[in-house]
Amino acid sequence: MSFTSNNKKKIALIDCNSFYVSCERLFNPKIKNVPVVVLSNNDGCVISRSTEAKKLGIKMGEPYFKVKELVKKNNVQIFSSNYSLYGDLSRRVMKVLKGFSDKIEIYSIDEAFIDLSHIKDENIEDYGKRIRERVLKWTGIPTSVGISCTKTLSKVANHVAKKNKTGVIFLKDNIDDVLKNFDISDIWGVGRQLSKLYIKNGINNAHKLKNISNSWVKKSTNVLGAKTVMELRGIPCINLETEETKRKSCCVSRSFGRKVESLDKLKESITTHCLNAAEKIRNDNQTTRSITVFIRTSPFDKNRKYYSNSLTIDLPVATNNSLELVKVAIEGLKKIYKYGYFYQKAGVILSKLSEAGEKNLNLLTPILENKSQTLMKAIDVTNAKYGRNVISVAQAGINNSWKMRREHSSKIDTASFDSLPKISV
DNA sequence: TCTGGGGTCCTAGGACCC
DNA sequence: TCTGGGGTCCTAGGACCC
């Protein structure tokens, strides 16, 4: 067996540039060449920035209130996040990518790995360019393409491609110079803690990490750390996951627009989140056997005492019935609620999920279940048609004062014709 | 005044058993 | 009086990702 570069894999990572910003720009040509920023839920943090906004020094993940002055001074365009729009555009992008290779792993809302091993080395950059051009033409979303023989290296390539004019980089041989200029904390799989550890040991770029001894990495980190090092050396350790798998847990949580003190308000939010989580797993034809409720005060408020607590309750019978789940969730909430705190966030997590068809071998499972399943289905269909939470339960409340802030929404809905751009000829 | 949300995987350590 | 040790399973918490 020989290990020439010819039989090496070629993995491409296609990543949308400033994805959320690009989505907003699609429907608003006026913001094309100006600084634009998209905020997280509750208008809390900056989660997407245009190139112009990056140049102004606005950092990823920065709290919005800290950059408000900068935003005002430079007339930065601000948008609240609109996830149904981004999700819709993401599906369109992925559909185009599937036309280039059926071996595809949709890694996140704005990026995908595809296997291009069948393309010859000498043609691969052109192929990458074709991918970019088609995605741009068919969806309007700009992308960058990084290609190499492992996922970690194609991440590196993509990172470099973002700064390159052509937007496509193929990393094959003699990549040490690239790795020497690649910051340790920009490596996929190296987060805050690992960066700290590596820098303390004099490892401050990808090239140094690549040449570290196996025994040291295994001793000092864990299997994931060791895999990253192997991948930097061009030895694939992280497989392309082409099978679409269902989620193993489902979390719905939100920060409050205004701090919440009362148990009643917390009940409303937990009920709402629980209904949404139950609907999500029903959509995937799943049931849950465990529910966690959690509440917490703000970890940033130094003037008030911090309180955070959660409770996990195992269910005797797997279910996806909203009413059952809400009942259990509220019981849990009552146990962890403490009077006298200003709560900032609440949520539920459904775990131990399994396929709804799989029987839980409980002889006592009542036949009545069919009846409630019919009810759930009716609720889901109605909500899908007329908008989320049109049918709810009384405990969820209406017009809640704790609802999140969303002051900069573009209100674009790709399912509604009213918001489609108009062309005048 | 104002600091997101939703996931996955790994590991240390406790509980339990013989 | 003498108070082991090894194995498995589970879970909470941490680290990472976007």
Side-chain angles (χ1 to χ4, degrees), chain A residues 13 15-16 18-20 37-49 59-69 71 78 80-83 86-87 90 105-113 151-152 155 158-159 185-198 218 220-228 237-239 241 245-259 269 273 276-277 280-281 284 289-290 292 294 296-304 306 308-314 342 344-353 404-408:
Chain A
L13 174 65
D15 187 314
C16 302
S18 308
F19 182 54
Y20 298 165
V37 148
V38 174
L39 302 176
S40 66
N41 274 334
N42 222 18
D43 294 345
C45 295
V46 172
I47 53 168
S48 183
R49 307 156 296 156
K59 301 269 182 323
M60 183 66 180
E62 209 164 10
Y64 175 48
F65 74 90
K66 284 191 181 172
V67 293
K68 244 179 183 168
E69 277 303 304
V71 160
I78 300 289
S80 301
S81 37
N82 181 349
Y83 288 105
Y86 311 149
S90 172
E105 173 184 347
I106 297 171
Y107 180 65
S108 75
I109 193 165
D110 73 332
E111 60 190 301
F113 292 100
K151 282 163 92 174
T152 304
K155 274 273 189 182
N158 188 283
H159 203 273
S185 58
D186 290 334
I187 300 169
W188 190 47
V190 179
R192 275 246 278 293
Q193 300 305 315
L194 274 183
S195 290
K196 224 194 278 174
L197 171 83
Y198 289 144
K218 275 184 197 150
S220 313
T221 72
N222 58 21
V223 293
L224 299 176
K227 279 186 181 179
T228 300
C237 291
I238 306 170
N239 292 333
E241 304 288 346
T245 51
K246 289 190 179 178
R247 60 162 78 85
K248 294 169 179 165
S249 65
C250 176
C251 172
V252 175
S253 72
R254 289 288 178 279
S255 295
F256 301 125
R258 249 182 276 152
K259 300 275 185 292
S269 80
H273 300 334
N276 287 335
K280 276 185 173 184
I281 66 166
D284 283 347
R289 281 193 297 117
S290 176
T292 303
F294 66 91
R296 66 154 213 226
T297 63
S298 170
F300 302 102
D301 190 344
K302 299 293 173 229
N303 300 319
R304 292 201 185 110
Y306 180 62
S308 169
N309 206 352
S310 70
L311 186 68
T312 300
I313 299 151
D314 283 333
F342 291 79
Q344 180 244 2
K345 185 174 183 171
V348 301
I349 304 165
L350 307 180
S351 43
K352 296 184 181 168
L353 301 183
M404 66 178 183
R405 270 194 307 276
R406 217 159 164 267
E407 286 169 8
H408 306 276

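By convention in this document, chain letters (A, B, ...) are assigned in the order of the sequence lines, proteins followed by strands, and residues within each chain are numbered from 1.
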Visitor: Which ranges of DNA chain B pair up as stems, where a stem means three or more consecutive Watson-Crick or G-U pairs with both distances under 3.5 Å?
Guide: B:5-18 with C:5-18
Visitor: I want to confirm an ordering. Mapping Leu224(A) and Phe65(A) to their closest nucleotides on DNA chain B, which one lands closer to the 5' end?
Guide: Phe65(A)
Visitor: By ring-ring contact (aromatic ring centres under 6.0 Å, His included), which residues pair with Phe113(A), not counting sequence neighbours?
Guide: Tyr107(A), Trp188(A)
Visitor: For Lys227(A), answer base if it contacts any base atom (sugar-phosphate contacts may also be present), sugar-phosphate if it contacts only those atoms, and nothing otherwise; contact means non-hydrogen atoms under 4.0 Å.
Guide: nothing
Visitor: Touch check for Phe300(A), heavy atoms < 4.0 angstrom, all strands: base, sugar-phosphate only, or nothing?
Guide: base
Visitor: When you list every nucleotide of DNA chain C with an atom under 4.0 Å from a heavy atom of chain A, which one comes first 5' to 3', and which comes last?
Guide: dT11(C) to dC18(C)
Visitor: Output the distance between atom CG (Leu353(A)) and atom NZ (Lys246(A)), rounded to the nearest 0.5 Å.
Guide: 10.0 Å
Visitor: Tell me what Ile187(A) touches on the nucleic acid: a base, only sugar-phosphate, or nothing, going by heavy atoms under 4.0 Å.
Guide: sugar-phosphate
Visitor: Could you tell me the separation between the CZ atom of Arg304(A) and the CD atom of Gln344(A), rounded to the nearest 0.5 Å?
Guide: 11.5 Å
Visitor: Reckon Asn222(A) touches a base, only the sugar-phosphate, or nothing at all at heavy-atom distances under 4.0 Å?
Guide: sugar-phosphate
Visitor: I need the Asp43(A) CG to Ser81(A) OG distance, nearest 0.5 Å.
Guide: 7.5 Å
Visitor: Classify the nucleic acid contact of Arg247(A) as base, sugar-phosphate or nothing, counting any heavy atom under 4.0 Å across all strands shown.
Guide: sugar-phosphate
Visitor: Examine distances only and state if a side-chain atom of Asp301(A) and a backbone atom of Asn303(A) form a donor-acceptor pair shorter than 3.5 Å.
Guide: yes
Visitor: I'd like to know whether NZ of Lys59(A) has more than 12 heavy-atom contacts from other residues, nucleotides or ligands below 6.0 angstrom.
Guide: no
Visitor: Would you classify Lys196(A) as touching base, sugar-phosphate or nothing, given that sugar-phosphate means primed atoms plus P, OP1 and OP2, and contacts are heavy atoms under 4.0 Å?
Guide: nothing
Visitor: For Asp110(A), report the nucleic acid contact type (base, sugar-phosphate, nothing); a contact means any heavy atom under 4.0 Å.
Guide: sugar-phosphate
Visitor: Select from Val223(A) and Ser253(A) the residue whose nearest nucleotide in DNA chain B is closer to the 5' end of that strand.
Guide: Ser253(A)
Visitor: Which part of the nucleic acid does Leu194(A) contact within heavy-atom distance under 4.0 Å: base, sugar-phosphate only, or nothing?
Guide: sugar-phosphate
Visitor: Between Glu111(A) and Lys155(A) (salt bridge meaning N to carboxylate O under 4.0 Å), is one present in this structure?
Guide: yes
Visitor: Could you check whether Glu62(A) gets within reach of a base, just the sugar-phosphate, or nothing at all, counting any heavy atom under 4.0 Å?
Guide: nothing
Visitor: Have a look at Ile109(A) and say if it touches a base, only the backbone sugar-phosphate, or nothing, with a 4.0 Å heavy-atom cut-off.
Guide: nothing
Visitor: Could you give the distance from CD1 (Ile281(A)) to CG (Leu350(A)), rounded to the nearest 0.5 Å?
Guide: 5.0 Å
Visitor: Roughly how far, to the nearest 0.5 Å, is NZ of Lys345(A) from CZ of Arg296(A)?
Guide: 5.0 Å
